[in-house]
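Worksheet: one structure, shown below.
So you know, we letter chains A, B, ... as the sequences are listed, proteins then strands, and number each from 1. All values reported here derive from a predicted model rather than from experimental measurement.
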Protein chains: 2
Amino acid sequence: MATRSRRPERRQEPLSRERIVEAAVELLDTVGERGLTFRALAQHLSTGPGAIYWHITGKDELLGAATEAVVAAAVAVEPSGRTADSPEDTVRAVALGLFDATEAHPWLAMQLAMQLSRTPWATVAPRIFESLGRQVRAMDVPEAHWFTATSALMHYILGAAGQNAANSASAARAGLTGGDVDRDAFLDTVSAAWEALDPEEYPFIRAVANQVRGHDDREQFLAGITLVLAGITAHHRPGH
Amino acid sequence: MATRSRRPERRQEPLSRERIVEAAVELLDTVGERGLTFRALAQHLSTGPGAIYWHITGKDELLGAATEAVVAAAVAVEPSGRTADSPEDTVRAVALGLFDATEAHPWLAMQLAMQLSRTPWATVAPRIFESLGRQVRAMDVPEAHWFTATSALMHYILGAAGQNAANSASAARAGLTGGDVDRDAFLDTVSAAWEALDPEEYPFIRAVANQVRGHDDREQFLAGITLVLAGITAHHRPGH
DNA sequence: GACCCTCTGGAACGACGTTCCAGCTTGACA
DNA sequence: TGTCAAGCTGGAACGTCGTTCCAGAGGGTC
């Protein structure tokens, strides 16, 4: 009765794994990984912690499901687009999808690392691997080198996306509202910190310190993709 | 007095940041990240949790220091060796140092991701970046491309090392004592799981499923390094 | 001997993940 | 329509964690 009077007309849409994961992603985006607790999640869903455990085994599965949901949406850029694109361009599209996802969800990078560390070849890696592998196959790479080439691509993408998500997260943290000003200020801070390093111990970093100012992460990321793709074609093209 | 009777002759060597970090690494290696608690660490050092906080600000710093200690030891392979090696070989040596470190310390991969996520260009990344950058400079890469080439190398290495550490950790977990038998069994499991995937959704993975059997992680890792190096030389060599 | 500063380690606090369970809702069957 | 089991809910409670607090030991200096 009391519950009836609080939700008079329609009963609140029932709890479901889907709704829980969706709320978890929202909580991760807004308050960060440290803010995602079962109590906060329960309050967000107007329920108690116990109810959540009926749908989800524990926090590991919750984080895994949130990660997979975001990655699945990110990798899905491939099939719908015009199919006339070259395999290289499709690789860039998939890679950029993941890159943007890690930028939109700063928690994604570490969760990806954790997922891959816990269940390496289970949930999320095959999705990415498959998506990239199809393009490698569409290039002129002999079958014996499919695995190596696809692995190299995936490893670069995951490593770079993680690192760059960290950058934008830090930049956004420095000034609260993410903007170009904050980003430039962040890059200035990094550049200054690099120039202040010990010249004996870090000569190379000091030499490239000024290059970091005004650099575009996306552009940098794509340049790396191009570089790996060049390595694939140079090393595996027929006639080699 | 009671303490005197328990440690009769030499007073126990005093607590220090160094000793704490060393014990933390040991605890991480033996019981995993979930086993590293301040209580267990205190017991391991025959003290209480409060004493540790005099030397270390919190768990973040503890994990960061443990990560940096292990990485510093891993990257230190470069200077002592014979200097007649080619830059490419030195890159391989540095990369293998990190690869082996993540294999010896399965917790390292995720901690690296976390460190890079929290303080991106602070503690540990510059060390790796510097080590790789020197070799890139020693190759015939024009200065404008130093940053891109070094970044690509570092991203691939971190991504691949993390993924492969995950593999060996899972393989070791399947059978308790890590051995070739367990590893083969693990690869068989992965291969079988891949072949059982939906042919509609994962055609590529099914096609390479059998390639995974008997594959050597180190060899695979080095093949990726070679591939990225080939991309660097193909894309940045003079006359391009 | 009195003092202070560095360092210790046990107790205590708040928050977390997780478990437990009493009770509500719902649909099927008599 | 009444009854009952199963699905589902949510609040209370448990154990453990990171962290803080603090009374006091140790060792050097006037």
Side-chain angles (χ1 to χ4, degrees), chain A residues 1-24 27-28 30-67 107 110-111 114-115 118, chain B residues 1-24 27-28 30-67 107 110-111 114-115 118:
Chain A
M1 314 298 178
T3 59
R4 276 286 164 83
S5 68
R6 281 204 303 179
R7 310 181 206 102
E9 318 194 8
R10 260 204 328 179
R11 184 163 159 43
Q12 82 168 344
E13 42 183 341
L15 227 48
S16 70
R17 198 186 134 98
E18 211 171 272
R19 242 165 62 82
I20 292 173
V21 170
E22 183 187 352
L27 224 51
L28 282 168
T30 54
V31 290
E33 2 193 14
R34 286 210 148 112
L36 176 64
T37 68
F38 273 75
R39 283 167 178 81
L41 189 60
Q43 191 179 359
H44 204 76
L45 292 166
S46 311
T47 178
I52 300 178
Y53 276 87
W54 183 260
H55 302 272
I56 300 265
T57 354
K59 194 161 192 182
D60 288 350
E61 189 193 334
L62 180 63
L63 288 170
T67 304
W107 49 272
M110 199 196 316
Q111 285 311 315
M114 196 175 293
Q115 293 307 312
R118 216 182 297 286
Chain B
M1 313 298 182
T3 59
R4 275 284 163 86
S5 67
R6 282 204 301 179
R7 309 180 207 104
E9 318 195 7
R10 256 201 333 172
R11 187 166 153 41
Q12 83 169 344
E13 43 184 340
L15 227 48
S16 70
R17 197 187 134 99
E18 212 171 272
R19 242 166 62 82
I20 292 173
V21 170
E22 184 187 351
L27 224 50
L28 282 169
T30 53
V31 289
E33 1 193 16
R34 286 208 149 114
L36 175 64
T37 68
F38 273 75
R39 285 168 178 79
L41 190 60
Q43 192 179 0
H44 204 76
L45 293 165
S46 312
T47 179
I52 300 177
Y53 276 86
W54 183 260
H55 303 272
I56 301 264
T57 36
K59 195 162 193 183
D60 287 351
E61 188 193 334
L62 180 64
L63 288 170
T67 304
W107 48 273
M110 199 196 317
Q111 286 310 314
M114 195 175 295
Q115 293 308 312
R118 215 183 297 285

Could you check which of [options] has an atom nearest any side-chain atom of [X]?
X	options	value
A51(B)	dT8(C), dC16(C), dT20(D)	dT8(C)
W54(A)	dC7(C), dG7(D), dG10(D)	dG7(D)
L15(A)	dG10(D), dT9(D), dA13(D)	dT9(D)
K59(A)	dG11(D), dT19(D), dG17(C)	dG17(C)
H55(B)	dT8(C), dC13(C), dT19(C)	dT8(C)
T47(A)	dT8(C), dG10(D), dC14(D)	dG10(D)
T37(A)	dT9(D), dC16(C), dT8(C)	dC16(C)
F38(A)	dG17(C), dT8(C), dG18(D)	dG17(C)

Find which nucleotide of DNA chain C each of G50(B) and G50(A) is nearest to by heavy atoms, and output the residue with the more 5' nucleotide.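 Upstream on the strand: G50(B).
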Calculate the interatomic distance between [X] atom [atom1] and [N] atom [atom2]; express it in whole Å.
X	N	atom1	atom2	answer
Q43(A)	dG11(D)	CD	P	11 Å
I52(B)	dC17(D)	CD1	P	13 Å
L62(A)	dC16(C)	CG	C1'	14 Å
L45(B)	dG10(C)	CG	P	13 Å
Y53(B)	dT8(C)	OH	C1'	15 Å

Students often get this wrong, so: under 4.0 angstrom with heavy atoms, is L41(A) touching a base, only sugar-phosphate, or nothing?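 Here L41(A) touches no strand at all.
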Checking all strands, does L36(B) fall into the base, sugar-phosphate, or nothing category for heavy-atom contacts under 4.0 angstrom?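 Contact class for L36(B): sugar-phosphate only.
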Exercise: identify the closest heavy-atom pair between P49(B) and R39(B):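 Scanning both residues completely, I find the closest heavy atoms to be CG-CG, 4.5 Å.
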Would you say that L36(B) contacts L62(B) through its side chain, given a criterion of any heavy-atom pair below 4.5 Å between the two side chains?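 Yes, their side chains come closer than 4.5 Å.
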Closest-nucleotide ordering on DNA chain D, the 5'-leading residue of R39(A) and R34(A):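 Counting from the 5' end, the first nearest nucleotide belongs to R39(A).
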